[in-house]
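Below is one structure, written out as structure tokens; comments come after it.
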There are 2 protein chains.
Amino acid sequence: MARPSKPKLSTQSIADTALKLVDAHGEFTLPQLAKELSVSASSLYNHVQGKTEIIELMRGQAMSAISLAHVDSSSWQEAVRQIATSYWESYSKHPKLIPLLTSHTVRDRTALRVYDALAKVLEQAGFNPSSLLHAITIIDSFVLGSALDAAAPSVVWEADEESSHAFKEALNGGLRDPHRSEKSFLIGLKVVLAGLESLLLHHTDDHSVRT
Amino acid sequence: MARPSKPKLSTQSIADTALKLVDAHGEFTLPQLAKELSVSASSLYNHVQGKTEIIELMRGQAMSAISLAHVDSSSWQEAVRQIATSYWESYSKHPKLIPLLTSHTVRDRTALRVYDALAKVLEQAGFNPSSLLHAITIIDSFVLGSALDAAAPSVVWEADEESSHAFKEALNGGLRDPHRSEKSFLIGLKVVLAGLESLLLHHTDDHSVRT
DNA sequence: ACCTGAACACCGTTCAAGT
DNA sequence: ACCTGAACACCGTTCAAGT
């Protein structure tokens, strides 16, 4: 009992174990986590400020998996594709984590690193500052939305009697594909890249968009 | 006390009040909600199965603002653009609601209505069932991700010393635009639509996507 | 049918006490 | 410094009792 000669806990082991619980059940409680670590719930507070900080630790854990080292910059499209894919992949490894992250604001270094990489590539490609920010926002929105889609239960939509024939048929065919979410992401990424290219070609003037 | 001659509650008033709480605080508890409705927490269970159903009701409430009546179907691109925009707008009115929605299956009729409308338009345009589901997923991901972006604080990204020149410059120019998020969404929607068109033209074979 | 209040098994967090 | 166990104010949900 009481203080052991060697600490039983560390932020690392807390983050790992919490992430394991979230991966398995989509949520975690401090008693659960403490039990898994063979410790009492109050002990966690010696290493961590509270549940919120544990969630932040898990975010860092997921983001650290993003590799930017070997980005092929032979073309900006290819570079963006690789960064976005890596980003999506690291989130998709822990899909159930995403809903826990969206309520907070993302602003740590590990995340900024990714946006920096995108900015450099897009600048090189010739995007002006304004278009560059739109492009990053569009990519970010799409990746995040797609990761959320991957996080959703496998039956995202449940059609009922009133549903249209077209929708039901699409669901019947598509929803049993275990890679549906990933395929949609990859196709969508192509779609976005193709569109960004045309944005680059026409953005010399201030793109007037009807609101 | 006990049963009143006229019911004090309805699913409608429960949904309205819960949404008000979420808009204000980003979350809600049953005791809070009950208090706001001048009722005891257990009374809610006469109208609703539990907290989960209340979340679904809020989804319906947000979605019901989407108008599909006057969709201009002169072209499928225009129809999709209108549906997606209306979809984004109604979510953006309740940004704090979005994180609560992401972990549940969509069962609400009002929500399914929107996907039905998209499915019909896309079928008419010539998408086959598989591509159709990808197209809906891509649109949904992008709209949801963009709504999350709109939900974020006005300073979405905070550059630090390590940030690249390109990124900082883009942030300086772009972040003070109060309509940045909406503009990005509208530009991105164009981008997505242009890309979907090329998807439609090439999807006769099963689009092989490298994983 | 619809509201109440008591009750249950939880939860996150605090804190004195131990080494 | 680091763990424990008791304690606190919560939470979602159930249910007998009232009309």
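Remark: A/Lys51 is positioned above the aromatic ring of A/Phe28, its terminal NZ or CZ atom under 6.0 angstrom from the ring centre and at most 45 degrees off the axis.
Between A/His47 and D/dC3 there is a side-chain polar atom (N or O) within less than 4.0 angstrom of OP1 or OP2. At the phosphate of D/dA1, neither OP1 nor OP2 sits under 4.0 Å from any side-chain N or O atom of A/Lys8.
In this structure, of D/dC2, D/dT14, C/dT13, it is D/dT14 that holds the atom nearest to the side chain of B/Tyr45. Taking only side-chain atoms of A/Pro4, from C-beta outward, the nucleotide of D/dC2, C/dC3, C/dT13 with the closest atom is D/dC2. Distances from the side chain of B/Pro31 to the nucleotides C/dC3, D/dC11, C/dG12 place D/dC11 closest.
Put simply, CG on B/Asn46 is 6 Å from P on C/dC3, counting in whole angstrom units. Rounded to a whole Å, the NZ atom of A/Lys51 is 15 Å from the P atom of C/dC10. Rounded to whole angstrom, the span from the CD1 atom of A/Ile14 across to the C1' atom of D/dC2 amounts to 12 Å. The CG-C1' distance, from B/Leu30 to C/dT4, rounds to 16 Å in whole Å. In this structure, B/Gln32 atom CD and D/dG12 atom P are separated by 8 Å, rounded to whole Å. Atom P of nucleotide D/dC11 and atom NZ of B/Lys35 are separated by 11 Å, given to the nearest angstrom. Nucleotide C/dG12 holds its P atom 12 Å from the CG atom of A/Leu100, rounded to whole Å. Residue B/Gln49 contributes atom CD, which lies 14 Å from atom C1' of D/dT14 at whole-angstrom precision.
Side chain of A/Thr17 to backbone of A/Ile14: no donor-acceptor contact under 3.5 angstrom is found. Of the possible donor and acceptor atoms, none in the side chain of A/Gln124 sits under 3.5 Å from a partner among the backbone N and O of A/Trp76. A donor-acceptor contact shorter than 3.5 Å is absent between the side chain of A/Asp149 and the backbone of A/Ser181. In terms of modelled atom types and a separation under 3.5 Å, the side chain of B/Asp23 and the main chain of B/His94 share no donor-acceptor contact. The main-chain N or O of B/Ser38 is found under 3.5 Å from a side-chain atom of B/Lys8 such that the two form a donor-acceptor pair.
Inter-residue side-chain proximity for B/Gln77 and B/Val80 is flagged as unmet; no heavy-atom pair is nearer than 4.5 Å. B/Thr137 places a side-chain heavy atom less than 4.5 Å from the side chain of B/Ser141.
Heavy-atom distances under 4.0 Å link DNA chain D to A/Val39, A/Ser40, A/Ser42, A/Ser43 of residues 37-44 of chain A, given in residue order.
Scored by the side-chain hydrogen bond (donor to acceptor under 3.5 Å, both in side chains) test, A/Gln49 finds no partners at all (sequence neighbours excluded).
In DNA chain D, runs of at least 3 stacked Watson-Crick or G-U pairs (N1-N3 plus N6-O4 or O6-N4, or N1-O2 plus O6-N3, all under 3.5 Å) give these stems: C:4-8 with D:12-16, C:12-16 with D:4-8.
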